[in-house]
A.B. asks: 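Here it is: the structure, laid out below.
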Amino acid sequence: MTEPVNVTVTGAAGQIGYALLFRIAAGEMLGADTPVRLRLLEIPQAVAAAEGTAMELDDCAFPTLAGVEIFDDPVKAFDGVNVALLVGARPRGAGMERADLLEANGGIFGPQGRAINEGAASDVRVLVVGNPANTNALIAATNAPDVPATRFTAMTRLDHNRALSQVAAKSGTPVADIKKLTIWGNHSASQYPDLFHAEVGGRPGAEIAADRTWLTDDFIPTVAKRGAAIIQARGASSAASAANAAIAHVRDWTLGTPEGDWTSAGLWSSGEYGVPEGLVSSFPVTSDGTGEWKVVEGLEIDEFSRTRIDASVAELTEERDAVRSLGLI
Ligand SMILES: NC(=O)C1=CN([C@@H]2O[C@H](COP(=O)(O)OP(=O)(O)OC[C@H]3O[C@@H](n4cnc5c(N)ncnc54)[C@H](O)[C@@H]3O)[C@@H](O)[C@H]2O)C=CC1
Ligand SMILES: O=C([O-])CC(=O)C(=O)O
């Protein structure tokens with residue numbers, strides 16, 4: 001067995017945390033040969049609940065689980081961290097404006113970014129799940145100036161999986177035969193799920209996208225508003241599907257994406273596809289298993305897609321400007 005990997009999960013006592021921790025401990029994220037040491041970060045009021053989850057983790061007797069520790073201090077929780085899953089965030093409360101939400105989350109992701117800067121292992125990889133995920137990743141990255149900004153990513157894998165499932169239902173093609181879908185932009189209702197470069201059972205995605213009524217009135221809004229639809233139906237936001245997407249994001253990042261396919265992730269832009277440098281935006285990405293995401297290059301973006309990508313990027317720019325004016329970055 002190799003040396004255990006330190007995995008810190010914030011918001012560990014929340015609903016995504018409960019769906020996530022057991023699968024990480026079972027080896028589904030980093031592989032069955034890689035032991036993990038779980039480090040759970042919670043706010044003081046939720047530490048007791050996290051302790052209950054740790055007891056259950058013990059009771060599973062996972063061979064890949066090398067230990068569980070619980071913290072209410074980010075400096076301690078991120079000391080020596082290799083993989084950080086930033087799930088805990090401040091949900092939007094009644095009467096809260098967007099700026100209030102950004103400010104409240106700045107109070108979480110700023111200190112967490114500084115703690116990662118101070119104590120993380122040199123190979124640290126960070127996935128931000130807590131909303132607004134892209135801008136929270138931007139805040140954390142900006143507060144960690146000694147860690148490469150490309151190590152901070154935001155989760156759009158759930159949107160990617162939702163898009164796969166919608167295309168499978170529309171085309172009658174198994175999910176396994178749908179490749180090269182892309183989520184562009186923000187993890188919000190402005191995101192753009194792009195079918196034009198996809199392969200659907202060996203046929204070009206553009207053939208399915210040719211049904212413009214389905215594309216614009218059904219596919220795009222269904223994917224973009226799926227989070228709200230789940231909340232409406234379940235009375236709580238997506239948890240098991242979000243945990244599943246987080247595991248897939250980290251697994252592909254560290255172990256590699258399948259040959260002949262790509263996935264979607266929110267990455268620190270270096271100007272690809274006209275997305276201003278320093279925004280955390282979703283792109284089509286591959287990984288060769290060396291722990292670096294690469295943006296897929298050279299895709300042709302037509303007018304239809306350009307307008308939608310630009311609209312989502314404009315929203316990211318507004319969020320960036322808002323957190324800048326609040327002094328959070
Ligand atoms: N990017 C994506 O695709 C998705 C993102 N989300 C977001 O993930 C986040 C978590 O969702 P749930 O687990 O359902 O929420 P939840 O409310 O069940 O759990 C959040 C947990 O975070 C903890 N927390 C709050 N502040 C913290 C801090 N400073 N440090 C450590 N822990 C802290 C809370 O005590 C709570 O236990 C939300 O922001 C949600 O909107 C949810 C689904 C998909
Ligand atoms: O919409 C929400 O609050 C939760 C979320 O991010 C999603 O399910 O995509």
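Given the structure is predicted, the values throughout are model-derived calculations rather than measurements. Ligands are counted one by one from 1 in listed order, and the atoms in each one are counted from 1 as well.
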A.B. asks: Provide, to 0.1 Å, the distance between atom 27 (C) of ligand 1 and the closest protein heavy atom, together with that atom's residue and name.
C.D. replies: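 Going atom by atom, the protein heavy atom closest to atom 27 (C) of ligand 1 ends up being I43 CG2, 3.5 Å.
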A.B. asks: Run the salt-bridge test on K180 and E199 with the 4.0 Å N-O cut-off and return the result as yes or no.
C.D. replies: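 Counted as a salt bridge, because a side-chain N and a carboxylate O are separated by less than 4.0 Å.
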A.B. asks: Indicate, as side chain, backbone, both or neither, the part of R90 found under 4.0 angstrom from ligand 1 when only non-hydrogen atoms are considered.
C.D. replies: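 Within the 4.0 Å criterion, R90 makes no contact with ligand 1.
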A.B. asks: Cut-off 3.5 Å, side chains only: do D302 and S305 have a donor facing an acceptor?
C.D. replies: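 Short answer, yes.
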A.B. asks: Taking only heavy atoms of S237, which atoms of ligand 1 are found under 4.0 Å from at least one of them?
C.D. replies: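 That gives atoms 14 (O) of ligand 1.
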A.B. asks: Under 4.0 Å from a heavy atom of I108: which atoms of ligand 1 are those, numbered in the order shown and with their elements?
C.D. replies: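 By the 4.0 Å cutoff, the relevant atoms are 26 (N), 29 (N).
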A.B. asks: Charged N to carboxylate O under 4.0 angstrom, D159 versus R162?
C.D. replies: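 Looking at D159 and R162, the cut-off is met.
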A.B. asks: How far is atom 15 (O) of ligand 1 from its nearest protein heavy atom, and which residue and atom is that?
C.D. replies: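 Result: Q15 CG, 4.4 Å.
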A.B. asks: How far is atom 25 (C) of ligand 1 from its nearest protein heavy atom, and which residue and atom is that?
C.D. replies: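 Sorting protein heavy atoms by distance from atom 25 (C) of ligand 1 puts A89 O, 4.0 Å first.
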A.B. asks: Of all the non-hydrogen atoms in the protein, which one sits nearest to atom 2 (C) of ligand 1, and at what distance?
C.D. replies: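 Residue, atom and distance for the closest contact: H187 NE2, 3.2 Å.
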A.B. asks: Starting from atom 20 (C) of ligand 1, find the nearest protein heavy-atom neighbour and note its residue, name and distance.
C.D. replies: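 Answer, as residue, atom name and distance: G14 CA, 4.2 Å.
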A.B. asks: Treating R125 as the side-chain partner and G291 as the backbone partner, does any N or O pair qualify as donor plus acceptor under 3.5 Å?
C.D. replies: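 Yes, the answer is positive, given that a donor and an acceptor are paired below the 3.5 Å cut-off.
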A.B. asks: Mind checking whether N131 has an N or O less than 3.5 Å away from an N or O of ligand 1?
C.D. replies: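 Checking ligand 1 against N131, an N or O pair does fall under 3.5 Å apart.
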A.B. asks: List every atom of ligand 1 that sits less than 4.0 Å from any heavy atom of V87, numbering the atoms from 1 in the order shown and giving each element.
C.D. replies: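 Listed by number with element: 8 (O), 9 (C), 10 (C).
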A.B. asks: Got an N/O contact under 3.5 Å between E42 and ligand 1?
C.D. replies: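 The answer is yes, given that E42 and ligand 1 share an N or O pair closer than 3.5 Å.
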A.B. asks: Taking only heavy atoms of A242, which atoms of ligand 1 are found under 4.0 Å from at least one of them?
C.D. replies: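 So the answer, numbered in order with elements, is 43 (C), 44 (C).
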A.B. asks: Would you call the rings of W262 and H197 parallel, tilted or perpendicular, taking 30° and 60° as the class edges?
C.D. replies: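 Ring orientation, 0 to 90° scale: tilted.
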A.B. asks: Using a 4.0 Å cutoff against the non-hydrogen atoms of A13, which atoms of ligand 1 qualify?
C.D. replies: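 What qualifies from ligand 1 is 37 (O).
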A.B. asks: Side chains of H249 and T153: donor-acceptor distance under 3.5 Å anywhere?
C.D. replies: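 On atom types as modelled, these side chains qualify, holding a pair under 3.5 Å.
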A.B. asks: Identify, for atom 5 (C) of ligand 1, the protein heavy atom at the shortest distance, and state residue, atom and that distance.
C.D. replies: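 The protein heavy atom lying closest is V129 O, 3.0 Å.
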A.B. asks: Report the part of L158 (side chain from C-beta onward, or backbone N, CA, C, O) that has a heavy atom under 4.0 Å from ligand 1; answer both or neither where that applies.
C.D. replies: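 Just the side chain.
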A.B. asks: Can you spot which of N6, I70, L57 makes a side-chain contact (heavy atoms from CB on, under 4.5 Å) with L38?
C.D. replies: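 When N6, I70, L57 are each tested with L38, the side-chain contact (heavy atoms from CB on, under 4.5 Å) holds only for L57.
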A.B. asks: Heavy-atom pairs closer than 4.0 Å: do any link ligand 1 to the side chain of M155, the backbone, both, or neither?
C.D. replies: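 Both the backbone and the side chain of M155 come within reach of ligand 1.
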A.B. asks: I'd like the residue list for ligand 2, meaning every protein residue with a non-hydrogen atom under 4.0 Å from the ligand.
C.D. replies: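 Near ligand 2, by chain and number: N131, R162, H187, G227, I231, S237, S238.
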A.B. asks: Has T257 got a side-chain atom pairing as donor or acceptor with S287's backbone, closer than 3.5 angstrom?
C.D. replies: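 Looks like yes, one N/O pair under 3.5 Å.
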A.B. asks: Can you tell whether the side chains of K170 and D218 come within less than 4.0 Å, N to carboxylate O?
C.D. replies: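 No, this pair does not count.
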A.B. asks: What atoms in ligand 1 come closer than 4.0 Å to a heavy atom of G11?
C.D. replies: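 Near G11, the atoms of ligand 1 are 21 (C), 22 (O), 23 (C), 31 (C), 32 (N).
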A.B. asks: Quick one: look up the protein heavy atom nearest atom 30 (N) of ligand 1 and list residue, atom name and how far away it is.
C.D. replies: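 Result for atom 30 (N) of ligand 1: Q112 NE2, 3.5 Å.
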A.B. asks: Distance from S171 atom OG to Q166 atom CD, nearest 0.5 Å?
C.D. replies: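 One finds 11.0 Å between OG of S171 and CD of Q166.
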A.B. asks: With heavy-atom distances below 4.5 Å as the criterion, would you say the side chains of V36 and P4 are in contact?
C.D. replies: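 Contact flag for V36/P4 side chains = no.
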A.B. asks: Hey, are S188 and E315 close enough side-chain-wise for a donor-acceptor pair under 3.5 Å?
C.D. replies: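 A donor-acceptor contact under 3.5 Å links the two side chains.
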A.B. asks: Show every side-chain hydrogen bond (donor to acceptor under 3.5 Å, both in side chains) that has at least one partner inside residues 133-142, sequence neighbours left out.
C.D. replies: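 Output for this query lists T135-E319.
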A.B. asks: Do any N/O atoms on G88 end up under 3.5 angstrom from N/O atoms on ligand 1?
C.D. replies: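 Between G88 and ligand 1 (N or O atoms, distance only) the closest approach is not under 3.5 Å.
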A.B. asks: Are any of the N/O atoms in S238 less than 3.5 Å from those in ligand 1?
C.D. replies: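 No, since none of the N or O atoms of S238 sits under 3.5 Å from an N or O of ligand 1.
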A.B. asks: Among residues at least two apart in sequence or on other chains, which ones pass side-chain contact (heavy atoms from CB on, under 4.5 Å) with S281?
C.D. replies: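 Only V275, F283, V313, L316 meet the side-chain contact (heavy atoms from CB on, under 4.5 Å) criterion with S281.
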A.B. asks: Using atom types as modelled and distance alone, determine if a side-chain donor or acceptor of T10 lies under 3.5 Å from a backbone N or O of G88.
C.D. replies: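 Confirmed, T10 side chain pairs with G88 backbone.
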A.B. asks: Show the atom names and distances, to 0.1 Å, of all donor-acceptor pairs under 3.5 Å that link a side chain in residues 226-236 to residues at least two apart or in another chain.
C.D. replies:
| residue | atom | partner | partner atom | Å |
| --- | --- | --- | --- | --- |
| R234 | NE | A236 | O | 3.4 |
| R234 | NH2 | Q15 | OE1 | 2.6 |
| R234 | NH2 | S237 | O | 2.9 |

A.B. asks: Which of these, I16, T8, N161, has its nearest heavy atom closest to atom 42 (C) of ligand 1?
C.D. replies: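 The nearest heavy atom belongs to I16.
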